[in-house]
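Notes follow once the structure below has been shown.
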Amino acid sequence: MKTSNFHLFTTRETPAEAEIVSHQLMLRCGMIRKLTSGIYTWTPLGLRVLRKVEGIVRDELDKAGYQELLMPAVQPSELWQETGRWEKFGAQLLKIRDRAGRDYCFGPTHEEVITDFVRSEIRSYKQLPITFYQIQTKFRDEIRPRFGVMRSREFLMKDAYSFHIDHASLDKTYWEMYEVYSRIFTRLGLGFRSVEADSGAIGGNKSHEFHVLADSGEDQIAFSDQSDYASNVELTPIKQEETGPAEPAEEFRTVDTPDAHTIDELVNAYGVPVEKTIKTLIVHAGEEQTADFVALLIRGDRTLNTLKAEKLEEVASPLLFATDKEIRDAIGAGPGSLGPVGLSIPVIADYEVACLSDFAAGANTDDQHFFGINWGRDVEVPATADLRTAVEGDISPDGKGILQMARGIEVGHIFQLGTAYSEAMNAVVLGEDGKSHVMPMGCYGIGITRIVAAAIEQNNDESGICWPEPIAPFQVVVLPMNAKKSHRVREAAEKLYAELLEAGVEVLYDDRDLRPGVMFKDMELIGIPHRVVIGERGLDSGALEYRYRRDSENSEIPLDGALDSILKKLGNK
RNA sequence: CGGGGUGUAGCUCAGCCUGGUAGAGCACCACGUUCGGGACGUGGGGGUCGUGAGUUCAAAUCUCGCCACCCCGACCA
């Protein structure tokens, strides 16, 4: 490709809307252009990268024996009614209506369509297991699209679905897919980690996320420093400590605390160690409960994990905090003065809270706290549960090592759906026993679009992008110095360009009549891995200059046999 | 949806407080000088100042409504 025939438009300045480095660089390179919130055009440059990612994903899936198909982006509401998701999926589902007044949605995912396809195509257990996949445009009407293509509303996704005669077969495919995913992300040149995850709105049982590790990631990952345990921190369980609370050492006492309504104020004004304080959070009770509210106790320096809390039957799901007025009506004190002693509503304490001694908490009377509280002596020992979010330094749930934290960008997610969809849609096959069996399903997603952004997050420097070679838009760039003034330079460059093309190399030849500095800056910005510079200087000594994008020094390659030298570099890196 | 912010040339922004001729840098076009790390000069094209109403002799500027976009939270590949 010659730059004269390639739409390249780079900018020196960073557009104001871009917050993170990948978004900034994608805009500065001219890889994407925003049409409207969360919806982007991919320019020829950006599309080359997107296609590379897509190609690698497709290649590995094909090798694993999964079959590609292509499902419609627009889906009829009837299918979604069958699974109940027409209502349940919520506002993320973009609903549209045709001229006859029939309802459709723009597909955010394809469980319904694939299940419909399979229930009419597959009749016998002998055809199972079977896995289909597609690479296709999805639309999710995100509440807040963000970070360019990292969280866009319209995006390209690889989604795969597997169907099985029994759970054992599903489990087998699931772990095969786990390996395929690992191969894909390795081949893409990404630093990643797989973690145990919550299955979220898609539903189902077992689930793993694949995260590209990057500081700008939106997810927090907890992992053990001594084992391969890793999980999304929203899910990381915390073990109950085996040792109970220490013997009481302090007198129980009531203290007037008119200026302490937060944990911070309590700690600063009264010298209570923060790890001897507890927060009392009042939330709505679950449907079957007799009380209206439940009090959740968390150590003062910890945060409530809402996912864990709402899984408790005592707690309403979704979690709903009581308002200040509700708290005052039920307890007779404001939210800044609550505690477990003398509380009239059910109490659930975090495991850690149950192990405290001589701690401080509100007195359920405005402007008063109790100090030196001890379980059993001053207040009944409460029910306990795992309520808080894990933090760095906690013991790993597998008992091996302590937890570290990292930030990640979720680029893949695999689920064992079980029969949630196949049952709702009556997707059955005949088994060996001659009876109908509901097919357990797995589903497996990769965010193709997001991978491009994640790869940039992980591979950039002050000059621009440093693409991993497998997904670079071009492998090599040929830069002639002042070609207009020099026949020799122009001829040598044209010749090398032709040879590289002939050899099947993806080469960009910068034939624009530009000052060298501009070319260098442009090519470093767009991150082409290999650069060959041709100038009078080098030609005089029979050499070309070569530089790898991540290096800071040039090396020379002899003009004679330059093609072979370059091919060797491509193979080596 | 709640909270905060911004809308002026393709991009980055000034001008608004204190109403009166719409600006700069980058980008773009032409010519010339330059030319191995984002050159310089001269000339030029380009804006219904987000939008609608109001106040006023006069609105980018003041007032009100609306819209869009961005940032912080819950959601997700």
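This structure is a prediction, so every number in the text was calculated from the model and none was measured. In what follows, chains are A, B, ... by sequence order, proteins preceding strands, each numbered from 1.
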Inset, instruction - Take atom C1' in B:U63 and the same atom in B:U55, then report the distance between them in whole Å. - result: 7 Å
Legend entry - Interatomic distance at C1', B:C62 relative to B:G15, whole Å: 16 Å
Inset, instruction - Tell me whether A:F155 is stacked on the nucleobase of B:A77, counting only the six-membered base ring and applying the 5.5 Å and 30° thresholds. - result: yes
Legend entry - A:T449 or A:K34, whichever maps to the more 5' nucleotide of RNA chain B: A:K34
Legend entry - B:A60 to B:C17 separation - C1' atoms, rounded to the nearest Å: 14 Å
Inset, instruction - Just call it for A:E19: base, sugar-phosphate, or nothing, with non-hydrogen atoms closer than 4.0 Å on any strand. - result: sugar-phosphate
Inset, instruction - Give me the ring orientation class for A:H208 and A:Y174: parallel if the planes are under 30° apart, tilted from 30 to 60°, perpendicular past 60°. - result: tilted
Inset, instruction - Select base, sugar-phosphate, or nothing to describe what A:S486 touches, counting heavy atoms under 4.0 Å on all strands. - result: nothing
Inset, instruction - Would you indicate, yes or no, if B:C76 has its OP1 or OP2 atom less than 4.0 angstrom from a side-chain nitrogen or oxygen of A:R140? - result: no
Inset, instruction - For B:G73, take OP1 and OP2 only and decide whether either is under 4.0 Å from a side-chain N or O of A:R146. - result: yes
Legend entry - Sugar-phosphate only, base, or nothing, as touched by A:R28 at under 4.0 Å among non-hydrogen atoms: base
Inset, instruction - Determine the interatomic distance between P on B:U8 and the same-named atom on B:A14; round to the nearest Å. - result: 11 Å
Inset, instruction - For A:E154 and B:A77, give me the distance from atom CD to atom C1', rounded to whole Å. - result: 14 Å
Inset, instruction - Check whether the side chain of A:R12 and the base of B:G10 form a donor-acceptor pair under 3.5 Å. - result: no
Legend entry - Rounded distance in Å - CZ (A:F520) to C1' (B:C35): 12 Å
Inset, instruction - Please check the phosphate of B:U34 (OP1 and OP2 only) for any side-chain N or O of A:K485 closer than 4.0 Å. - result: no
Inset, instruction - Walk me through it: do A:E60 and A:R183 pass the test salt bridge (charged side-chain N to carboxylate O under 4.0 Å, His left out)? - result: CA-CA 8 Å; A:E60 290 295 333; A:R183 280 201 293 276; 3.4 Å; yes
Inset, instruction - Report yes or no: is there a donor-acceptor pair, N or O only, under 3.5 Å between the side chain of A:E536 and the base of B:G36? - result: no
Inset, instruction - Verify the contact: side-chain N or O of A:T36 to OP1 or OP2 of B:C69, cut-off strictly under 4.0 Å; return yes or no. - result: yes
Legend entry - Euclidean distance for P, B:G7 against B:C16 (whole angstrom): 13 Å
Legend entry - Which nucleotide in B:U12, B:C72, B:C76 has an atom nearest any side-chain atom of A:P15: B:U12
Inset, instruction - For the pair A:F6 and A:F474, name the ring-plane relationship: parallel under 30°, tilted 30 to 60°, perpendicular over 60°. - result: perpendicular
Inset, instruction - May I ask you to check whether A:T43 and A:H7 show a side-chain donor-acceptor distance below 3.5 Å? - result: no
Inset, instruction - Between B:U48 and B:A22, how far apart are the P atoms? Round to whole Å, please. - result: 13 Å
Legend entry - Whole-angstrom distance between B:G65 and B:G20, as gauged at atom P: 25 Å
Legend entry - N/O donor-acceptor pair, side chain A:R515 with base B:U34, under 3.5 angstrom: yes
Inset, instruction - Can you tell me, in whole Å, how much space there is between the P of B:G10 and that of B:C29? - result: 16 Å
Inset, instruction - Answer with base, sugar-phosphate or nothing: what part of the nucleic acid does A:D141 contact at a heavy-atom distance below 4.0 Å? - result: nothing
Inset, instruction - Calculate, to the nearest 0.5 Å, the distance between atoms NZ and CG belonging to A:K52 and A:L188 respectively. - result: 11.5 Å
Inset, instruction - Pick base, sugar-phosphate or nothing for A:G445, based on heavy-atom distances below 4.0 Å to the nucleic acid. - result: nothing
Inset, instruction - Check whether the side chain of A:N482 and the base of B:G36 form a donor-acceptor pair under 3.5 Å. - result: no
Inset, instruction - Answer yes or no for A:K95 and A:W80: cation-pi contact, defined as NZ/CZ to six-membered ring centre under 6.0 Å and angle to ring axis within 45°. - result: no
Inset, instruction - Tell me what A:E17 touches on the nucleic acid: a base, only sugar-phosphate, or nothing, going by heavy atoms under 4.0 Å. - result: sugar-phosphate
Inset, instruction - Report the relative orientation of the aromatic rings in A:F132 and A:F117; use parallel for angles under 30°, tilted for 30 to 60°, perpendicular for over 60°. - result: perpendicular
Legend entry - Short side-chain N/O contact to B:G38 OP1/OP2 from A:T10, under 4.0 Å: no
